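One structure below.
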Amino acid sequence: MSLLAKSLTLSGRRLFAACVRHHSLTTELIENMDKKATWDRFYAESSSETSTFKNFEWFFGFDAVRDFIMPLLHTESHPDALLQVLDMGCGTSALGPCIFRHSAHPVRVTCADISPVAVRLMQEHVRAKAIQPHNLCSQLEFVELDCTQLHRHYGCSSVDLIVDKGTTDALLRSKEGRGKASLVLKQCLKVLRSSGSVLQFSDEDPDARLLWLETEAQEPGVMAADVGVQEVGELRGMSYYCYQVTPRPIV
């Protein structure tokens, strides 16, 4: 078994053994995390277990990664410009709303997910909580969106920051998701501004993820990118990383 396959298999088992209660749903998630129906069922079943809404966080919450995200929310050339931020595969995480609440710079945060169930739950939650932004010009929206088709929602070079907390991991660990993971990365690089970045938060070892990113983010004459990694830290005995992918001009 290759290093990449071993890393994906082991981390996938650890992740879903810790996060998902129902055995049947665990099996479905591991095998079909690239499918809309899987996530519709997951969020519907999760919300039916309690009458009180609770955000579901893959890996960790906003506080664990705010120091990686918030320094990127600025622009020196246009200090009052509304930065476009995408929380890609948001589920029912509080990550996007927390960026909206804490960013001193004006931002338009789009929380996108393939599951309309997750989108509806978050829309209802935010309306009920009446979440207020730090900057009064900031905006927050929730949209149903297949992230392999970001171009349907964004124009080329229009997004400043894309946050991916576990979405690419879910695709890479699916039986039929590897091609979709590659397409998502290429879509991200297409819609990002030259000054923008993708932040992938993952528990996958850098030896495996960096090789994949460096391979998939390059297309001669079409796209190129710089790739870096920082360690987020250890949580519940697992190490987590922040992979930053930044478009590079085509030479």
Side-chain angles (χ1 to χ4, degrees), residues 62 64-90 93 95-112 133-143 145 147-168 181-202 206 209-232 240-251:
F62 171 74
V65 293
R66 65 182 300 162
D67 290 341
F68 295 91
I69 296 172
M70 304 310 285
L72 300 179
L73 300 180
H74 66 86
T75 173
E76 295 179 359
S77 57
H78 299 89
D80 297 322
L82 194 68
L83 294 181
Q84 299 291 330
V85 179
L86 170 63
D87 179 5
M88 185 176 68
C90 63
S93 169
L95 182 67
C98 283
I99 295 172
F100 171 72
R101 285 178 54 203
H102 293 282
S103 176
H105 193 93
V107 291
R108 179 182 180 87
V109 180
T110 299
C111 301
H134 182 93
N135 188 301
L136 294 179
C137 293
S138 291
Q139 302 170 17
L140 177 66
E141 67 173 350
F142 298 88
V143 298
L145 180 64
C147 292
T148 65
Q149 301 179 24
L150 293 181
H151 65 281
R152 293 181 179 272
H153 191 80
Y154 293 106
C156 291
S157 304
S158 62
V159 182
D160 297 284
L161 177 64
I162 299 175
V163 181
D164 170 354
K165 184 161 71 79
T167 299
T168 292
S182 175
L183 181 55
V184 166
L185 179 60
K186 289 177 169 58
Q187 284 280 296
C188 288
L189 292 173
K190 183 176 182 179
V191 303
L192 274 176
R193 300 185 197 277
S194 59
S195 58
S197 291
V198 182
L199 296 183
Q200 290 187 357
F201 294 103
S202 172
R209 179 58 63 89
L210 286 175
L211 176 62
W212 182 81
L213 286 170
E214 289 167 353
T215 300
E216 298 298 329
Q218 317 298 328
E219 191 171 341
V222 178
M223 68 176 59
D226 294 316
V227 180
V229 61
Q230 298 180 68
E231 188 169 2
V232 175
Y240 292 92
Y241 304 92
C242 174
Y243 297 93
Q244 183 169 354
V245 185
T246 305
R248 187 172 69 240
I250 304 297
V251 180

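Note that this is a predicted model, so its numbers are computed, not measured.
- The distance from atom CZ of R101 to atom CG of L140, rounded to the nearest 0.5 Å, is 11.5 Å.
- Although no hydrogens or angles enter the test, the distance criterion places a donor-acceptor pair under 3.5 Å between the side chain of D160 and the main chain of Q84.
- Atom CG of residue L199 and atom OG1 of residue T246 lie 8.0 Å apart, to the nearest 0.5 angstrom.
- Among residues two or more places apart in sequence or in another chain, the side chain to side chain donor-acceptor pair (under 3.5 Å) test is passed with D164 by T168.
- Looking only at side-chain heavy atoms (C-beta outward), P133 and F100 come within less than 4.5 Å of each other.
- Within the 3.5 Å criterion, the main-chain N or O of A81 finds a donor-acceptor partner in the side chain of H105.
- Closest of all the heavy-atom pairs between A64 and F68 is O-CE1, 4.2 Å.
- From S158, atom OG reaches atom NE2 of H151 across 12.5 Å, with rounding to the nearest 0.5 Å.
- Across Q244 and S197, no two heavy atoms sit closer than the pair NE2-OG, 3.0 Å.
- Between atom NE2 of residue H134 and atom OG of residue S103 there is a gap of 8.0 Å, rounded to the nearest 0.5 Å.
- Put simply, the side chain of Q200 never gets that close to the backbone of Y243: no donor and acceptor are under 3.5 Å apart.
- A search for side chain to side chain donor-acceptor pair (under 3.5 Å) contacts involving E216 returns S182, K186, not counting sequence neighbours.
- In this structure, Q230 has no side chain to side chain donor-acceptor pair (under 3.5 Å) partners at least two apart in sequence or on a different chain.
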Derivation of the side-chain contact (heavy atoms from CB on, under 4.5 Å) call for L150 and L145
CA-CA 8 Å; L150 293 181; L145 180 64; 3.8 Å; yes
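- Here the shortest heavy-atom pairing between D87 and G96 reads OD2-N, 3.4 Å.
- Taking 4.5 Å as the limit, some side-chain heavy atom of R248 sits within range of a side-chain heavy atom of Q218.
- Judged as a side chain to side chain donor-acceptor pair (under 3.5 Å), and not counting sequence neighbours, D67 has no contacts.
- Of the options V229, V232, V163, a side chain to side chain contact (heavy atoms under 4.5 Å, CB included) to C242 is made by V232 and by none of the others.
- The two residues N135 and P106 make their nearest non-hydrogen contact at ND2-CD, 3.4 Å.
- With sequence neighbours excluded, the residues forming a salt bridge (Lys or Arg N to Asp or Glu O under 4.0 Å) with R108 are E141, listed by chain and number.
- In this structure, NZ in K190 is found 11.0 Å from CD in E219, a value given to the nearest 0.5 Å.
- Nearest heavy-atom pair, A181 versus W212, reported as atom, atom and distance to 0.1 Å: O-CH2, 3.7 Å.
- Annotation: the span from S138 atom OG to L83 atom CG amounts to 9.0 Å, rounded to 0.5 Å.
- For F62, the ring-ring contact (aromatic ring centres under 6.0 Å, His included) test picks out H102, with sequence neighbours left out.
- Looking only at side-chain heavy atoms (C-beta outward), V65 and L95 come within less than 4.5 Å of each other.
- Side-chain atoms of Y154 and L86, non-hydrogen and from C-beta on, do get closer than 4.5 Å to each other.
- Looking at heavy atoms from C-beta onward, L192 lies out of side-chain contact with V245 at the 4.5 angstrom threshold.
- A 4.5 Å side-chain heavy-atom check between F201 and I69 finds at least one atom pair inside the cut-off.
- Considering only heavy atoms from C-beta on, I99 comes within 4.5 Å of L73 through its side chain.
- You'll find the side chain of S194 stays beyond 4.5 Å of the side chain of P249, heavy atoms only.
- In terms of heavy-atom proximity, P247 sits nearest to G196 at CD-O, 3.2 Å.
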